[in-house]
Amino acid sequence: MAFESLSDKLQNVFKKLRGKGRLSEADVKAALKEVKMALLEADVSFKVVKQFIKSVEARAIGQDVLNSLTPGQMVIKIVNEEMVSLMGSETTELKLNVGSAMTVIMMVGLQGAGKTTTSAKIAGKMKEKGKRPLLVACDVYRPAAVKQLQVNGEKQGVPVFSMGDRHNPVNIARAAIEHAEKNNNNIVILDTAGRLHIDEDMMAELQEIKGSVQVDQTVLVVDAMTGQDAVNAASMFQDKVGIDGVIITKLDGDTRGGAALSIRAVTGKPILYVGMGEKLSDLEQFYPDRMASRILG
Ligand code: GDP
């Protein structure tokens, strides 16, 4: 289960706080030090942890908290609220153009993050909403990727546009949008090529697609299991290509949680959905408050 170790550690800290009755400033500081350690061990980025603890401390050390009847409970409440705020406070939906206007979504991310799977998952969600999505195979470097998208598209009952691997992704994207216009598809999901690591060619290719066709939403897919690497990658994609939102995959696995807690603060972009499994229905809307409750137990 995701966050297990972080949750356990935080619950231990909270148990001590609750058990104490009255709290001194030193008690709160000691507890927050333990919270800090737990977050760092969960691979939350150092800068984010520092800022988080500072915000909690500023609110938790005041007399109104320490002199209250249940100071421990109040400190826990503050940690909870600050954690929700760290993850963006509100649920953010993927922004679609209104009415019959077409929305072009470009999916980006490192290889293996779950881009192709997530593209098909999103297409399914859009179809459920009554939209008419088109999946587009822009990954021309991995022939298996085209096939994988076709298989997943078929499972979702969503058409897949591909031109094989002998065209460049910009031309494929252009042709796909034309195809969508003719066929009355109002959502175009471009599944772009990832690489194993951040690389100049990948970024250049994504910039070129973005510069050549009207991309309405650029969605970054990151793998929660890769922790700080996911966060670093997110920050690079944001700098080089610009992203509108993030999807964190593999939160069903045994992840320590760092990516989910850091990514919003580091990129300034909302988490839109989380991937909770390999099945195409395993994509959930992201609720910062529910995620915080899950982490804090
Ligand atoms: P891409 O290279 O970014 O297109 O990644 P893929 O879509 O091919 O996904 C890589 C692997 O991760 C595949 O085996 C997927 O089934 C798996 N995967 C994707 N999303 C999730 C998820 O949310 N949970 C789990 N457990 N596996 C996932």
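Order of listing sets the numbers, starting from 1, for every ligand and every atom in it. All of these numbers come straight from a predicted model, not from anything done at the bench. In what follows, every heavy atom counts, from backbone to side chain, and hydrogens, waters and symmetry copies are set aside.
When only modelled atom types and interatomic distance are considered, Y141 and E205 share a side-chain donor-acceptor pair under 3.5 Å.
Ligand 1 is approached by A113 to a heavy-atom distance shorter than 4.0 Å. Heavy-atom distances between G109 and ligand 1 stay at or above 4.0 Å for every pair. The closest approach between any non-hydrogen atom of G194 and ligand 1 is not below 4.0 Å. Under the 4.0 angstrom criterion for non-hydrogen atoms, L110 is in contact with ligand 1.
For the pair T103 and M126, the minimum side-chain heavy-atom distance is 4.5 Å or more. For the pair S5 and E41, the minimum side-chain heavy-atom distance is 4.5 Å or more. V241 places a side-chain heavy atom less than 4.5 Å from the side chain of M106.
Residue M276 touches ligand 1 through its backbone alone, judged by heavy-atom distances below 4.0 Å. With a 4.0 Å cut-off on non-hydrogen atoms, D252 touches ligand 1 through its side chain and not its backbone. Of all the heavy atoms of D223, none lies under 4.0 Å from any atom of ligand 1, so neither backbone nor side chain is involved. Proximity of M225 to ligand 1, defined as any heavy-atom pair under 4.0 Å, is not found for any part of the residue.
Remark: ligand 1 atoms within the under-4.0 Å shell around heavy atoms of R142 are 2 (O), 4 (O). For ligand 1, the atoms lying closer than 4.0 Å to a non-hydrogen atom of G275 are 23 (O). Taking every non-hydrogen atom of Q148 and a distance limit under 4.0 Å, the qualifying atoms of ligand 1 come out as 6 (P), 7 (O), 8 (O).
By the 6.0 Å contact criterion, NZ on K125 is enclosed, its count of non-hydrogen atoms from other residues, nucleotides or ligands being greater than 12.
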Stepwise salt bridge (Lys or Arg N to Asp or Glu O under 4.0 Å) check, D27 with K20: CA-CA 9 Å; D27 290 331; K20 269 215 153 111; 3.4 Å; yes
